Amino acid sequence: MQEKYARESYTEMNELVLPNDTNTFGNLMGGRLLYWMDICAAMAAQKHCNNQVVTVSVDNVSFKRSIKLGEVVTIEAQVTRAFNTSVEVRMEIFAQNLPLGTKVKSNEAYYTFVSIDENDRPKAIPKLIPESEKEKTLFAEAMRRRELRLLLAGKLKPENATEIKNLVNLFEHKV
Ligand SMILES: CC(=O)SCCNC(=O)CCNC(=O)[C@H](O)C(C)(C)COP(=O)(O)OP(=O)(O)OC[C@H]1O[C@@H](n2cnc3c(N)ncnc32)[C@H](O)[C@@H]1OP(=O)(O)O
């Protein structure tokens, strides 16, 4: 199967925060943001897989800064690593105030998608090639995040979490 570059999956989505998207304080609802993030990340995953995908996992998302009515939410998504049938997608979320010309990062998150066939079963996907230093770092770290996710989901035995074990060993030797 043909390998693909990480950058080929890059996807950007812009949404203007309208009154229907906000709570009573005039801030963007967290659930609405998660919905937009799911769509943007799924598009990035589909670009890599050239196939339909489903969301299988959403890592913890922290809301560092509220996003206001009238601001523009920009979501940037890119696949960090492809495994056998699943991909990890990293997102950075920014809030832009267009009249003031400001752009502030508000969130960062990782979603995991599985490529599925016509019977809704997992389907093999192309490998991913990281090019830049940042892509290579995210690629290497993705294995650790995957182990943690699968551990928490009860899909990986602790004794098989080798990346996490290596990290703990490294930490113990440093302190
Ligand atoms: C875009 C959307 O919003 S889609 C709507 C919301 N999502 C859904 O409805 C999906 C519902 N879930 C499902 O249909 C199934 O769980 C499937 C098809 C995703 C996976 O089926 P499973 O029987 O669990 O498959 P299986 O155990 O073989 O795992 C398949 C892949 O998913 C990965 N996976 C499974 N569970 C998790 C998890 N909790 N976290 C991360 N990855 C996971 C596995 O590691 C494997 O990846 P790999 O092939 O790259 O190693």
Side-chain angles (χ1 to χ4, degrees), residues 1-18 20-21 28-63 67 73-94 106-131 134-168:
M1 196 177 289
Q2 197 196 342
E3 297 181 335
K4 296 179 75 175
Y5 293 107
R7 62 180 152 77
E8 292 180 78
S9 65
Y10 178 79
T11 305
E12 182 181 313
M13 193 167 120
N14 289 293
E15 292 283 345
L16 176 65
V17 179
L18 296 170
N20 263 351
D21 305 318
L28 174 65
M29 301 273 281
R32 182 78 75 187
L33 179 60
L34 294 174
Y35 167 73
W36 288 337
M37 287 163 65
D38 194 29
I39 292 172
C40 185
M43 289 194 282
Q46 282 194 15
K47 280 185 195 172
H48 179 80
C49 302
N50 287 129
N51 194 42
Q52 56 192 343
V53 298
V54 290
T55 316
V56 72
S57 169
V58 174
D59 289 13
N60 73 312
V61 184
S62 49
F63 296 91
I67 300 175
V73 175
T74 301
I75 304 170
E76 297 179 1
Q78 186 168 305
V79 175
T80 59
R81 187 159 180 160
F83 299 99
N84 305 305
T85 65
S86 65
V87 289
E88 181 193 73
V89 178
R90 175 175 184 265
M91 272 173 287
E92 285 187 305
I93 294 92
F94 301 90
S106 82
N107 307 71
E108 196 180 302
Y110 293 90
Y111 281 24
T112 306
F113 294 84
V114 177
S115 168
I116 52 163
D117 66 16
E118 55 283 0
N119 299 313
D120 290 346
R121 292 309 303 153
K123 183 178 171 184
I125 53 171
K127 292 282 172 229
L128 178 132
I129 309 167
E131 293 175 290
K134 187 178 175 186
E135 286 171 0
K136 285 176 187 169
T137 304
L138 289 168
F139 181 91
E141 293 171 348
M143 192 55 97
R144 207 153 59 219
R145 288 189 294 270
R146 167 185 162 93
E147 281 190 358
L148 195 55
R149 240 172 247 135
L150 295 177
L151 263 177
L152 293 174
K155 292 212 155 197
L156 181 71
K157 290 185 179 153
E159 57 268 32
N160 294 331
T162 49
E163 288 285 325
I164 294 174
K165 269 194 233 166
N166 290 343
L167 185 70
V168 171

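Read the numbers this way: they start at 1 and go in the same order the structure lists the ligands and their atoms. Since we're looking at a predicted model, the values are computed, not measured.
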Practice task
Look only at interatomic distance and state if Arg149 has a nitrogen or oxygen under 3.5 Å from any nitrogen or oxygen of ligand 1.
Solution key: no

Handout entry: Tyr35 atom OH, neighbour heavy-atom count above 12 within 6.0 Å
Key = no

Handout entry: Check ion pair Glu88-Arg149 (N to O, under 4.0 angstrom)
Key = yes

Practice task
Check each atom of ligand 1 against the heavy atoms of Arg146 and keep those under 4.0 Å away; list them by number with element.
Solution key: 45 (O), 47 (O), 48 (P), 50 (O), 51 (O)

Exercise for the section: Going by heavy-atom distance to atom 34 (N) of ligand 1, choose the closest among Leu150, Thr112, Asn84, Asp120. Expected result: Leu150

Problem - For atom 5 (C) of ligand 1, closest protein heavy-atom neighbour - result: Thr55 N, 4.5 Å

Exercise for the section: Check the pair Phe113 / Ile125 against side-chain contact (heavy atoms from CB on, under 4.5 Å), numbers first and verdict last. Expected result: CA-CA 11 Å; Phe113 294 84; Ile125 53 171; over 6 Å; no

Exercise for the section: Apply side-chain contact (heavy atoms from CB on, under 4.5 Å) to the pair Lys123 and Gln52, showing each step before the final yes or no. Expected result: CA-CA 10 Å; Lys123 183 178 171 184; Gln52 56 192 343; over 6 Å; no

Fill in the blank from the handout: Within 4.0 Å of some non-hydrogen atom of Thr85, the atoms of ligand 1 are 30 (C), 31 (C), 46 (C), 47 (O), 48 (P), 49 (O), 50 (O)

Practice task
For atom 13 (C) of ligand 1, state whether the nearest protein heavy atom is under 4.0 Å away.
Solution key: no

Exercise for the section: Under the side-chain contact (heavy atoms from CB on, under 4.5 Å) rule, what do Val87 and Leu128 come out as? Steps first, then yes or no, please. Expected result: CA-CA 9 Å; Val87 289; Leu128 178 132; over 6 Å; no

Exercise for the section: State the atoms of ligand 1, each with its element, that fall below the 4.0 Å cut-off from a heavy-atom position in Ala153. Expected result: 39 (N)

Practice task
Could you tell me which non-hydrogen atom of Ser115 sits nearest to which non-hydrogen atom of Val53, and how far apart they are?
Solution key: CA-CG1, 4.1 Å

Exercise for the section: Take Phe63 and Leu33 through the side-chain contact (heavy atoms from CB on, under 4.5 Å) test and state the conclusion after the steps. Expected result: CA-CA 10 Å; Phe63 296 91; Leu33 179 60; 3.7 Å; yes

Practice task
Give a yes or no on whether atom 1 (C) of ligand 1 lies under 4.0 Å from any heavy atom of the protein.
Solution key: yes

Practice task
Could I get the full list of side chain to side chain contact (heavy atoms under 4.5 Å, CB included) partners for Leu16, not counting sequence neighbours?
Solution key: Leu18, Val72

Handout entry: For Pro122, the ligand 1 atoms whose distance to one of its heavy atoms is below 4.0 Å
Key = 25 (O), 30 (C)

Handout entry: Protein contact of atom 50 (O) of ligand 1 - nearest heavy atom, named by residue and atom, plus distance
Key = Ser86 OG, 2.7 Å

Handout entry: Nearest non-hydrogen protein atom, atom 16 (O) of ligand 1
Key = Val56 CG2, 4.3 Å

Practice task
Rounded to the nearest 0.5 Å, what's the gap from CD on Glu15 to CD1 on Ile67? Could you check?
Solution key: 11.5 Å

Handout entry: Sub-4.0 Å protein heavy atom next to atom 39 (N) of ligand 1
Key = yes

Practice task
Quick one: look at Ser57 and ligand 1, take heavy-atom pairs under 4.0 Å, and tell me if it's side chain, backbone, both or neither.
Solution key: side chain

Practice task
Give the minimum heavy-atom separation between Ser62 and Asn107, together with the two atoms involved.
Solution key: O-ND2, 2.9 Å

Practice task
State, to 0.1 Å, how close Tyr5 and Glu131 come at their nearest heavy-atom pair, and which atoms those are.
Solution key: CD2-CD, 3.3 Å

Handout entry: Glu108/Arg90 ion pair, N-O < 4.0 Å
Key = yes

Exercise for the section: Using heavy-atom distances, let me know which of Arg145, Lys155, Arg121 sits nearest atom 23 (O) of ligand 1. Expected result: Arg121

Practice task
Please indicate, with yes or no, if any protein heavy atom is found under 4.0 Å from atom 27 (O) of ligand 1?
Solution key: yes

Handout entry: Non-hydrogen protein atom less than 4.0 angstrom from atom 45 (O) of ligand 1
Key = yes

Exercise for the section: Look at atom 3 (O) of ligand 1 and say which protein heavy atom is nearest, naming residue and atom and giving the distance to 0.1 Å. Expected result: Asp38 OD2, 2.8 Å

Exercise for the section: Might you check, step by step, whether the distance between atom 31 (C) of ligand 1 and some protein heavy atom is under 4.0 Å? Expected result: yes

Exercise for the section: Tell me which part of Val114 gets within contact of ligand 1: side chain, backbone, both or neither, using heavy atoms under 4.0 Å. Expected result: side chain

